[in-house]
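Everything below concerns the one structure shown next.
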Amino acid sequence: MLTRYRKRGTIRLLCVVPLVILGTDHLATSLFPSTHPFEARQICRRSNLSKSSHNLFFRSGENTPAESRRRSLDPTMLEELKSPTLSLPFEICLKAIEEERQEKQEILTIRHMEPEDLNQVIKLCISEFGSGPTAKLQEFPWSKPGEIPDWWDRLSFEPSVRLALLAKMSANSRSDEKISKDPAILVLCRDREQAEVVGLVEISLQPPRADRNPPTYPLPLVVKRLYCDLLGIELEGWVTNLLVDQACRGLGYSKLLMAATEGIARSWDRKYIYLHADADLISGRVPQALYDSLGYEVVTDSDPQYHWMPRSTFSSIQIVDGVALVFYRKRL
C-alpha cells in the first residue's frame with residue numbers, strides 16, 4: 001500500500017507502511033536510512049491455478065456500506081493461504097448474495113505480480129495517493145510559481161512508482177536456494193479473463209528495526225544478510241504496501257492478502273512478520289483494528305526510558321521520516 005509524502009521540490013513514495021485501507025490499505029517499513037526518491041513532509045491522505053477453491057459469502061453492490069458487506073471468511077481457506085506449502089496462483093470462489101437473494105459466483109485469484117499488471121497497479125496507486133492526474137511538461141505553471149510543487153508531484157509520481165515496481169519485479173525474479181521472490185508482490189485479481197487487479201500487498205525480508213523504512217529500490221539478499229550478521233539479528237518477513245481498491249473495501253480482501261503473506265513468510269522459514277501502521281487514533285483506527293484481529297501484537301519501544309509505560313499502542317510509537325507509526329509483530 002503506498003504511503004505518499006510530499007516535500008518542496010520532491011516527493012517520496014515510501015513503498016511501505018501498511019496504513020491499511022480496508023477502509024485504508026497503505027504500506028511501509030525499513031532497512032537502512034531511507035534513500036527513497038520522495039521526501040517526507042506530511043501524509044497527503046490520513047499460471048496453473050492451485051486446485052484449492054473455497055466458497056466465501058458477501059453482499060454485492062459497490063454502494064453498500066462496507067460494514068453491511070463484511071462476511072466471515074472460510075477458516076479452512078485462510079489456513080491454506082497461511083500454510084508454508086502455499087501454491088500460487090491461489091484461486092478463491094466467492095458467492096455474492098444479490099438483493100434478489102440470488103447467488104452470483106465470482107472468482108478471485110491471488111498470485112505474484114506480473115509485468116502485465118503494472119499499469120493497473122499504478123492506476124490504483126495514483127487513485128489512492130496521487131495529487132491528481134499525471135501532469136505534463138507543457139503544463140508547467142509559469143505564471144503561478146506557487147503551484148510548481150504540486151505540478152512536480154503529479155509529474156514525477158507515476159514514473160517513480162513505475163521504476164520502483166519494475167526494480168522489485170526484477171529483483172524477485174532472481175531466486176535463492178531457500179528464498180525466492182524477495183520481495184514478493186502479490187496481487188488480488190477478479191475475472192479470470194480480464195484479470196482485474198483489485199488489491200496488492202508486498203512482503204520482503206528485512207532486519208526487524210522499528211526506526212527504519214526499507215529502501216524504495218530492493219537490496220540484494222546477500223547485502224541484507226551481511227547487514228544482519230553485523231548487527232547480530234535475523235532477517236524476518238516485513239509486510240508493506242497493502243492496498244485494496246476503494247470499490248472493494250469491506251469485503252475481507254485485506255485479510256486474504258495478509259493470510260497469503262503469512263504463507264510466504266512460513267515458506268521462507270521465518271519466525272515473525274513485522275509491519276508499521278498509522279499511529280493516529282482516527283486515521284489509524286481501521287488498520288490497527290485489522291492487525292489486532294489478525295493476531296498481531298504491538299511491540300513496545302526498547303528504549304529504557306519507556307519501560308515504565310504500560311504495554312500499549314503509545315509505548316510503541318516510532319517517528320519514521322517525520323511520521324508517527326506503530327510497530328507490530330506476529331509470531332508465526
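Start at 1 with the first residue, then count along the sequence.
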What do the steps show when you test Lys181 against Ile264 for side-chain contact (heavy atoms from CB on, under 4.5 Å), and what is the final call?
-> CA-CA 9 Å; Lys181 299 283 186 183; Ile264 289 180; over 6 Å; no
Could you walk me through whether His112 and Leu186 pass the side-chain contact (heavy atoms from CB on, under 4.5 Å) test, one step at a time?
-> CA-CA 5 Å; His112 288 287; Leu186 306 182; 3.7 Å; yes
Apply the test side-chain contact (heavy atoms from CB on, under 4.5 Å) to residues Gln206 and Glu236: give CA-CA distance (whole Å), side-chain angles for both, the deciding distance (0.1 Å), then the verdict.
-> CA-CA 6 Å; Gln206 303 291 345; Glu236 299 290 357; over 6 Å; no
side-chain contact (heavy atoms from CB on, under 4.5 Å) assessment of Val299 paired with Gln318 = CA-CA 10 Å; Val299 182; Gln318 299 283 338; over 6 Å; no
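Rounding to the nearest 0.5 Å gives a distance of 9.5 Å between CD of Glu80 and CD1 of Ile92. How far OG of Ser267 is from CG of Leu88: 9.0 Å, rounded to the nearest 0.5 Å. With values rounded to the nearest 0.5 angstrom, Ser160 atom OG is found 9.0 Å from Leu155 atom CG. Expressed to the nearest 0.5 Å, how far CG of Leu294 lies from CE of Met258 amounts to 6.0 Å. Once rounded to the nearest 0.5 Å, the distance linking CD1 of Ile148 with CH2 of Trp152 reads 11.5 Å. Here CD of Glu234 is found 8.0 Å from CG of Asp229. Values are rounded to the nearest 0.5 Å.
At a threshold of 4.5 Å between non-hydrogen side-chain atoms, the residues Gln288 and Val298 do not count as touching. Side-chain atoms of Ile273 and Ile203, non-hydrogen and from C-beta on, do get closer than 4.5 Å to each other. Using a 4.5 Å cut-off on side-chain heavy atoms (C-beta onward), Ser293 and Lys255 make contact. Counting heavy atoms from C-beta on, the side chains of Tyr227 and Leu219 never come closer than 4.5 Å. Residues His276 and Val323 fail the side-chain proximity criterion, which asks for heavy atoms closer than 4.5 Å. With contacts defined as side-chain heavy-atom distances shorter than 4.5 Å, the pair Leu256/Met77 qualifies.
Looking at every heavy atom in both residues, Pro115 comes nearest to Met169 through N-SD, 4.0 Å. Nearest heavy-atom pair, Ile317 versus Ala324, reported as atom, atom and distance to 0.1 Å: CG2-CB, 4.1 Å. Here the shortest heavy-atom pairing between Pro287 and Ser283 reads CD-O, 3.7 Å. Nearest heavy-atom pair across Gly146 and Pro149 is O-CD, 3.5 Å. Counting all heavy atoms, side chain and backbone alike, Pro218 lies closest to Ala167 at CG-O, 3.8 Å. The minimum heavy-atom distance between Thr216 and Ala164, with the atom names listed, is CG2-CB, 3.4 Å.
Of the candidates Leu205, Leu235, Leu230, Leu235 is the only one forming a side-chain contact (heavy atoms from CB on, under 4.5 Å) with Arg225. Among the candidates Val201, Ile110, Leu108, Asp245, the single residue satisfying the side-chain contact (heavy atoms from CB on, under 4.5 Å) test with Tyr253 is Leu108. None of Tyr296, Tyr274, Phe327 except one satisfies the ring pair (Phe, Tyr, Trp, His ring centres under 6.0 Å) rule with Tyr291; the exception is Tyr296. For the salt bridge (charged side-chain N to carboxylate O under 4.0 Å, His left out) with Glu262, the lone residue among Lys330, Arg331, Arg270 that qualifies is Lys330. Each of Phe157, Phe140, Trp142 was scored for a ring pair (Phe, Tyr, Trp, His ring centres under 6.0 Å) with Trp151, with one residue passing: Phe140.
Scanning for side chain to side chain contact (heavy atoms under 4.5 Å, CB included) contacts around Ala259 gives Leu78, Leu81, Lys82, with sequence neighbours left out. For Glu196, the salt bridge (Lys or Arg N to Asp or Glu O under 4.0 Å) test picks out Arg190, with sequence neighbours left out.
With hydrogens and angles left out, the side-chain atoms of Tyr272 and Arg329 include no donor and acceptor closer than 3.5 Å. A donor atom on one side chain and an acceptor atom on the other are not found under 3.5 Å apart for Glu91 and Thr109.
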Please list every donor-acceptor pair under 3.5 Å in which a side-chain atom of residues 118-126 meets a protein atom from a residue at least two apart or in another chain.
{"residue": "Asn119", "atom": "OD1", "partner": "Arg162", "partner atom": "NH1", "Å": "3.3"}
{"residue": "Asn119", "atom": "OD1", "partner": "Arg162", "partner atom": "NH2", "Å": "3.2"}
{"residue": "Gln120", "atom": "OE1", "partner": "Val197", "partner atom": "N", "Å": "2.9"}
{"residue": "Gln120", "atom": "NE2", "partner": "Ala195", "partner atom": "O", "Å": "3.1"}

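Salt-bridge check for Arg285 with Asp278: failed, with every basic side-chain N at 4.0 Å or more from each acidic carboxylate O.
No chain of hydrophobic side-chain contacts below 4.5 Å, direct or via other Ile, Leu, Val, Met, Phe, Trp or Tyr residues, connects Ile233 to Leu226.
No side-chain donor-acceptor contact under 3.5 Å links Asp150 to the backbone of Glu147.
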